[in-house]
Amino acid sequence: MSAGLFIRVGATLVILTFALFFMLAALGYSSVILHTLNIPPMRPFFADLRTIPLAGPLPELDHLRIENPADPWGRPFNYPKIWVYLLQPFRICADPYLCLGSLQFLAYLALVLGLIWIVRSPASALVIVILAVSPPVVLLLERGNNDGIVFLLVLAAVHWHGPFRTPLLMALAGGLKVYPVVALPLAFQPRNRLWFLLALLLASPLLVLTFSDFSAIFAATPVSDRISYGISSFALLLGRLMQQGFGSHPSGYALVGLSATLFLVAVLLAYWLLRSAYHRLADTIGRSPEAERLVLVFGTIFLATLIFSSNWAYRIVFLAPIACLSVLWLFENRPRRVSDRLLLIGLNVAIFGTFWAFPAPHGQRLFNAGAFA
């Protein structure tokens, strides 16, 4: 057996073993994988999906933004209303939430196993496994959060590239979860503007339905400095640290401004120190249209969620394609300059450190720091 085949077979066995333990946890038999990754399990399984009510006319859903008896923990319904109707076909199951969550998990499993066997380099299969079983991704799957479905739609939009398919898939993703819409303009191409407009027209009912309800969705979404990232979350974290250290802290707006300022200073400082390496990395990205699309689309979505909202840890999944690319650039392109290697090593340490911070002592703080970096 060649080394490459051995790596792929080993990676497949790891994923299948992970799937077995995950299914046992979903059925309530064993949560060892969740405890190992420092993920607090919630029962019943697929907790985030359970905020979605099983039925009800659209106007009657508005009060669920404040009080939601459909959720076992009383959390408000903070998804776009279309999810109420997407859940309806699963009512044939005894537990519709378990069925939808399991379907999302199976789709994710098929994606990971497929990538292990089709990627060009066997070393890439190892990177995929490291990301696939990382705590934020497992948290996403355990909660059944529909960010996983949105991620798959965005990934399909990038890989299944086309003047009509790409904007349609990205618009659908934006209608299902709001934030992917920030990357929709990247799909616009002047020579194919008619296809773009047609895709936008077909998705417009969903987009109008979702964005007309945006303020209510945003108001019903909790903000926290625990297992989360984003400028709003950093502001809360700074406030808590100031409260502990000095007994008081500035107003919320002042903390958000301070958090945004620190982020901007960090970006400018990093660019000033490694600007020539950044430009060479940009040239490398530009030589591959698919790599350029991956970085622009997923980078835009990640930065938008970082800047404009507080986001739960599983949304770090949108950095996964960039993590894979950064490893390939480091080992396959073999950058010769020290600054290029330092930049790529720093990127990989920050990204992979963020994916795997949870099990460590003070893992939530390390996660926030890694996401910020």
Side-chain angles (χ1 to χ4, degrees), residues 14-58 60-61 64-65 67-114 132-156 172-173 175-177 217 220-222 227 311-317 358:
V14 169
I15 294 298
L16 292 177
T17 303
F18 161 74
L20 173 63
F21 278 102
F22 185 87
M23 288 186 289
L24 289 174
L27 296 173
Y29 292 112
S30 172
S31 295
V32 61
I33 188 171
L34 302 177
H35 292 305
T36 301
L37 297 176
N38 199 23
I39 296 172
M42 294 180 72
R43 294 289 182 269
F45 220 65
F46 301 129
D48 285 1
L49 289 178
R50 297 177 189 277
T51 63
I52 305 173
L54 279 172
L58 285 178
E60 294 181 6
L61 296 177
L64 297 177
R65 302 292 188 199
E67 186 177 357
N68 182 12
D71 183 71
W73 301 273
R75 297 170 299 175
F77 172 54
N78 63 345
Y79 291 165
K81 293 175 180 177
I82 186 64
W83 283 98
V84 175
Y85 299 98
L86 292 176
L87 187 63
Q88 296 312 302
F90 294 92
R91 296 188 71 174
I92 61 174
C93 303
D95 185 342
Y97 306 105
L98 185 64
C99 288
L100 179 55
S102 299
L103 182 63
Q104 175 172 294
F105 174 71
L106 291 174
Y108 166 83
L109 189 65
L111 170 69
V112 172
L113 290 175
V133 300
S134 62
V137 176
V138 177
L139 178 66
L140 181 152
L141 296 169
E142 189 270 342
R143 296 292 190 265
N145 192 277
N146 51 22
D147 277 310
I149 294 173
V150 172
F151 172 80
L152 292 176
L153 278 175
V154 175
L155 194 63
L172 291 176
L176 292 178
K177 203 68 176 189
I217 295 172
T221 301
I227 316 184
N311 303 281
W312 294 105
Y314 35 66
R315 238 166 254 174
I316 202 82
V317 71
F358 278 21

### Query
How close do A94 and P96 get, heavy atom to heavy atom, and via which atoms?
O-CD, 3.8 Å

### Task
Find out whether L152 and I149 are in side-chain contact, i.e. whether some heavy atom of one side chain is under 4.5 Å from a heavy atom of the other.
no

### Query
Taking the side chain as C-beta and beyond, is there a heavy-atom pair between L176 and L86 under 4.5 Å?
yes

### Task
Work out which heavy atom in L153 is nearest to a heavy atom in L172; give both atom names and the distance.
CD1-C, 4.4 Å

### Message
Can you confirm whether the side chains of Y314 and D147 place a donor and an acceptor under 3.5 Å from each other?
### Response
no

### Message
Taking the ring of F45 and the ring of F22, is the distance between their centroids below 6.0 Å?
### Response
yes

### Query
Are side-chain heavy atoms of R65 and I217 found at a separation under 4.5 Å?
yes

### Query
Quick one: are L139 and F358 in side-chain contact, heavy atoms under 4.5 Å?
yes

### Query
Within a strict 4.5 Å, meaning less than it, do heavy atoms of the V32 and F21 side chains meet?
yes

### Query
Which atom names give the shortest non-hydrogen contact between V133 and V138, and what distance separates them?
O-CG2, 3.7 Å

### Query
Any side-chain heavy atom of K177 within less than 4.5 Å of one from Y79?
yes

### Query
For the side chain of E142 and the backbone of M42, is there at least one donor-acceptor N/O pair under 3.5 Å apart?
yes

### Task
Flag the pair M23 / S102 as yes when at least one side-chain heavy-atom distance between them is below 4.5 Å, and no otherwise.
no

#### Entry: Any donor-acceptor N/O pair, D48 side chain to R143 backbone, under 3.5 Å
no

### Message
Using every non-hydrogen atom in the two residues, find where D95 and R50 come nearest and quote the distance to one decimal.
### Response
OD2-NH2, 3.1 Å

### Minimum heavy-atom distance Y97-I52, with the two atoms named
OH-O, 2.6 Å

### Task
Please say whether more than 12 non-hydrogen atoms of neighbouring residues, nucleotides or ligands are located less than 6.0 Å from CZ in F18.
yes

### Query
To the nearest 0.5 Å, how far apart are OH in Y108 and CD1 in I15?
6.0 Å

### Message
Are L140 and I316 packed together at the side-chain level, in the sense that at least one heavy-atom pair is separated by less than 4.5 angstrom?
### Response
no

### Query
What's the verdict on side chain to side chain contact (heavy atoms under 4.5 Å, CB included) for V137 and L141, showing C-alpha distance, side-chain angles and the deciding distance?
CA-CA 6 Å; V137 176; L141 296 169; 4.3 Å; yes

### Query
Quick one: CG on L49 to CG on L98, what's the gap to the nearest 0.5 Å?
10.0 Å

### Message
Would you compute the distance between atom CZ of F105 and atom CZ of F46 and round it to the nearest 0.5 angstrom?
### Response
8.0 Å

#### Entry: Residue pair V154 / A173: nearest heavy atoms and the distance that separates them
CG2-CB, 4.0 Å

